[in-house]
Colleague: 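If you scroll down you'll find the structure; I have some questions about it.
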Amino acid sequence: MRNLRWIFVLAAVCASPLAATADAPKISPAIQAAVDSPDRPAADKQRDEGRRPAIVLQFFGIRPGQTLIEYIATGGSTAEVLARVVGPKGKVYMQNTPDFFTRPAGPNGMSPTKLVEDRLANNRLPNVVRLDRPLDDLGLPPASVDGAVMNLVFHDMFWITDDHVEPILKNLFVTLKPGGFVGVVDHAAPAGTGVEYARKREGQHRIDEEFAKKKFLEAGFVLAKESDALRNPADDRQKPFFAPEMKGKVTDRFLLLFRKPKSAKS
């Protein structure tokens with residue numbers, strides 16, 4: 001399906017671990033303003049060079065007025081940028097499983113509950129709705145959401161569910177409007193490894209790109225396009241992103257956009 005690929009031609013190696021792109025897309029004013037917002041936490045902005053949120057959101061087609069859901073949003077850094085793009089006429093469901101809030105504090109000393117509460121404190125993101133629901137039961141009306149974002153978390157769904165992601169994708173398919181999209185970014189595992197690198201919480205936290213595509217296609221989605229914008233050929237695809245030897249580096253990542261067919265019934 002190479003004809004679907006949103007090609008990014010490598011032009012030069014820059015200071016970032018990712019290569020510069022000569023064919024980068026024009027970023028919409030709404031997305032650029034959201035990424036550049038002075039109200040975004042400094043810690044969020046520090047990760048922008050590696051994550052390239054403007055390019056990712058442009059690829060997904062995020063725009064004002066949309067209703068979106070971010071899966072496994074954790075502390076909500078991506079949910080915040082999405083919310084700033086969709087604006088006051090849009091809405092972002094910030095989904096986390098109830099189990100997320102029982103986890104111990106992270107390296108920064110903050111509990112999951114405090115991370116989420118601080119993100120949403122003082123109504124600073126009025127169009128974000130906290131959604132503490134199971135992955136396979138969002139509790140949202142059928143055909144009520146324009147799009148979903150899975151930012152570096154699709155692999156997590158396998159160890160969380162013991163490899164049973166089908167009910168998650170089925171619930172999402174029903175929740176999306178016909179023509180709705182799913183944007184997926186994830187850490188690439190070696191080709192042909194399937195779910196092996198995603199199966200354990202203490203594992204590599206990666207997933208085989210072709211295997212990921214297969215799961216969405218089996219659930220009824222169609223692959224609309226894909227991008228090389230987050231590729232890093234220097235990554236050997238073996239280590240988890242949090243490994244000590246990965247400090248200061250970025251993983252090789254794939255970037256995919258799926259759609260629910262417009263003719264599909266919820």
Colleague: By the salt bridge (Lys or Arg N to Asp or Glu O under 4.0 Å) test, which pairs, at least two apart or in different chains, include something from residues 153-165?
Modeller: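 Qualifying pairs, neighbours excluded: Asp163-Arg199.
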
Colleague: What residue pairs, at least two apart or across chains, pass ring-ring contact (aromatic ring centres under 6.0 Å, His included) with a residue in residues 61-86?
Modeller: none

Colleague: Does Leu152 have any side-chain contact (heavy atoms from CB on, under 4.5 Å) partners at least two apart in sequence or in another chain, and if so, which?
Modeller: Arg51, Val185, His187, Arg253

Colleague: Where do Phe173 and Ala219 come nearest, in terms of heavy atoms and distance?
Modeller: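 Here Phe173 and Ala219 meet closest at CD1-O, 3.6 Å.
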
Colleague: Could you list all the side-chain hydrogen bond (donor to acceptor under 3.5 Å, both in side chains) pairs where at least one residue sits in residues 28-44, not counting sequence neighbours?
Modeller: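 Non-adjacent pairs meeting side-chain hydrogen bond (donor to acceptor under 3.5 Å, both in side chains): Gln32-Asp36, Arg40-Asp48, Asp44-Arg119.
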
Colleague: Around Lys114, counting heavy atoms of other residues, nucleotides and ligands shown, do more than 12 lie under 6.0 Å from its NZ?
Modeller: no

Colleague: Please determine whether residues Met150 and Leu131 belong to a single hydrophobic cluster, defined as Ile, Leu, Val, Met, Phe, Trp and Tyr linked transitively by side-chain heavy-atom distances below 4.5 Å.
Modeller: yes

Colleague: If we only count heavy atoms from C-beta on, is the Pro41 to Glu80 side-chain gap below 4.5 Å?
Modeller: yes

Colleague: How many angstroms lie between atom CG of Leu217 and atom CD of Glu210, to the nearest 0.5 angstrom?
Modeller: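 Rounded to the nearest 0.5 Å, the CG-CD separation comes to 9.5 Å.
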
Colleague: Do Arg47 and Ser77 have side chains that approach each other closer than 4.5 Å (heavy atoms only, starting at C-beta)?
Modeller: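 In short, these two side chains touch, coming nearer than 4.5 Å.
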
Colleague: With ILVMFWY side chains joined below 4.5 Å, transitively, what does Leu115's cluster contain besides itself?
Modeller: Met110

Colleague: One pair to check against side chain to side chain contact (heavy atoms under 4.5 Å, CB included): Leu176 and Val182. What are the steps and the verdict?
Modeller: CA-CA 9 Å; Leu176 285 176; Val182 188; 3.7 Å; yes

Colleague: Which value, rounded to the nearest 0.5 Å, describes the distance between Asn151 atom CG and Glu70 atom CD?
Modeller: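 It is 6.5 Å, given to the nearest 0.5 Å.
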
Colleague: For Val56 versus Leu230, what's the shortest heavy-atom pair and its separation?
Modeller: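 Taking every non-hydrogen atom into account, CG2-CD1, 3.9 Å.
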
Colleague: Heavy atoms, side chains only, cut-off 4.5 Å: are Val85 and Leu57 in contact?
Modeller: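 With C-beta onward as the side chain, the pair touches.
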
Colleague: Does NZ or CZ of Arg130 come closer than 6.0 Å to the centre of the six-membered ring of Phe101, within 45° of the ring's axis?
Modeller: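 Ring-cation test returns yes.
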
Colleague: Is a donor on one side and an acceptor on the other found under 3.5 Å between the side chain of Asn127 and the backbone of Gly87?
Modeller: yes

Colleague: Before giving the answer on side chain to side chain contact (heavy atoms under 4.5 Å, CB included), spell out for Leu138 and Gln95 the whole-Å C-alpha distance, their side-chain angles and the decisive distance to 0.1 Å.
Modeller: CA-CA 8 Å; Leu138 299 176; Gln95 185 272 340; 4.0 Å; yes

Colleague: Could you state the interatomic distance from CG (Asn232) to NZ (Lys249), rounded to the nearest 0.5 Å?
Modeller: 9.5 Å

Colleague: Applying salt bridge (charged side-chain N to carboxylate O under 4.0 Å, His left out) to Glu209 and Arg231, what does each step give before you reach the verdict?
Modeller: CA-CA 12 Å; Glu209 179 179 358; Arg231 288 297 185 188; 2.3 Å; yes

Colleague: Which atoms form the tightest heavy-atom contact between Asp208 and Gly192, and what is the distance?
Modeller: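 Between these two residues, the closest heavy atoms are OD2-N, 3.1 Å.
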
Colleague: Which residues satisfy the salt bridge (charged side-chain N to carboxylate O under 4.0 Å, His left out) test with Lys91, sequence neighbours excluded?
Modeller: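 So Lys91 forms no salt bridge (charged side-chain N to carboxylate O under 4.0 Å, His left out) with any residue.
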
Colleague: Please identify which of these residues, Gln66, Arg63, Lys177, meets the side chain to side chain donor-acceptor pair (under 3.5 Å) condition with Asp146.
Modeller: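 With Asp146 as partner, side chain to side chain donor-acceptor pair (under 3.5 Å) holds for just one option, Lys177.
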
Colleague: Please give me the minimum heavy-atom distance between Ala54 and Ile27, naming the atom from each residue.
Modeller: O-CD1, 3.6 Å

Colleague: Both conditions, 6.0 Å and 45 degrees, for the charged tip of Lys260 above the ring of Phe221: are they met here?
Modeller: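 No, Lys260 does not sit over the ring of Phe221.
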
Colleague: Identify, with sequence neighbours excluded, every residue that meets ring pair (Phe, Tyr, Trp, His ring centres under 6.0 Å) alongside Phe154.
Modeller: Phe158, Phe216

Colleague: Would you mind listing every salt bridge (Lys or Arg N to Asp or Glu O under 4.0 Å) that reaches into residues 99-110, with sequence neighbours excluded?
Modeller: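 For residues 99-110, and leaving out neighbouring residues, there are no salt bridge (Lys or Arg N to Asp or Glu O under 4.0 Å) pairs at all.
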
Colleague: Does a side-chain heavy-atom distance below 4.5 Å link Val116 with Met94?
Modeller: yes

Colleague: Rounded at 0.5 Å granularity, tell me how far CZ in Phe254 sits from CZ in Arg206.
Modeller: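 Output value for this atom pair is 10.5 Å.
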
Colleague: Who passes salt bridge (charged side-chain N to carboxylate O under 4.0 Å, His left out) against Lys214, sequence neighbours left out?
Modeller: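 If we apply the salt bridge (charged side-chain N to carboxylate O under 4.0 Å, His left out) test to Lys214, skipping adjacent residues, the hits are Glu218.
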
Colleague: Taking the side chain as everything from C-beta on, heavy atoms only, tell me whether Ile69 gets closer than 4.5 Å to Val149.
Modeller: no

Colleague: Side chains of Leu140 and Arg133: closer than 4.5 Å at any heavy-atom pair?
Modeller: no

Colleague: Given Tyr197, which partner from the list His205, Arg237, Gln238 fulfils the side chain to side chain contact (heavy atoms under 4.5 Å, CB included) test?
Modeller: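 Checked His205, Arg237, Gln238 against Tyr197; only one passes side chain to side chain contact (heavy atoms under 4.5 Å, CB included): Gln238.
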
Colleague: CZ/Arg84 to CG/Leu82 distance, rounded to the nearest 0.5 angstrom?
Modeller: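 Spacing of CZ (Arg84) from CG (Leu82) equals 11.5 Å.
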
Colleague: Could you tell me which residues satisfy ring pair (Phe, Tyr, Trp, His ring centres under 6.0 Å) with Tyr93, sequence neighbours excluded, listed by chain and number?
Modeller: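 Testing Tyr93 for ring pair (Phe, Tyr, Trp, His ring centres under 6.0 Å), a comparison that skips the adjacent residues, returns none.
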
Colleague: Nearest 0.5 Å please: distance from the CZ atom of Phe59 over to the CZ atom of Arg52.
Modeller: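 The distance works out to 14.0 Å.
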
Colleague: Return the minimal non-hydrogen interatomic distance between Leu135 and Ile160, and the atom names on each side.
Modeller: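 Heavy atoms only, the tightest pair is CD1-CG2, 4.0 Å.
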
Colleague: Please check if Phe241 and Val184 belong to a single hydrophobic cluster, counting links between Ile, Leu, Val, Met, Phe, Trp and Tyr side chain heavy atoms closer than 4.5 Å.
Modeller: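 Different clusters.
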
Colleague: Can you find a pair of side-chain heavy atoms, one from Val153 and one from Asp186, that are under 4.5 Å apart?
Modeller: no

Colleague: Please lay out, stage by stage, how Phe100 and Thr102 fare under the test side chain to side chain contact (heavy atoms under 4.5 Å, CB included).
Modeller: CA-CA 5 Å; Phe100 169 71; Thr102 67; over 6 Å; no

Colleague: What is the minimum heavy-atom distance between Ile62 and Phe181, and which atoms define it?
Modeller: CD1-CZ, 3.5 Å

Colleague: Set out, in order, the CA-CA distance, both residues' side-chain angles and the distance that settles side chain to side chain contact (heavy atoms under 4.5 Å, CB included) for Phe60 and Leu255, then state yes or no.
Modeller: CA-CA 9 Å; Phe60 290 163; Leu255 182 56; 3.6 Å; yes

Colleague: Step by step, would you call Thr251 with Asp235 a side-chain hydrogen bond (donor to acceptor under 3.5 Å, both in side chains)?
Modeller: CA-CA 6 Å; Thr251 57; Asp235 177 32; 5.0 Å; no

Colleague: Within the structure provided, determine whether Ser144 and Thr67 are in side-chain contact (heavy-atom separation under 4.5 Å).
Modeller: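 They are not in side-chain contact.
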
Colleague: Could I get the full list of side-chain contact (heavy atoms from CB on, under 4.5 Å) partners for Glu202, not counting sequence neighbours?
Modeller: Lys200

Colleague: Connecting only ILVMFWY residues whose side-chain heavy atoms lie within less than 4.5 Å of each other, what is the rest of Val222's hydrophobic cluster?
Modeller: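 Besides Val222, the hydrophobic cluster comprises nothing; the residue is isolated.
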
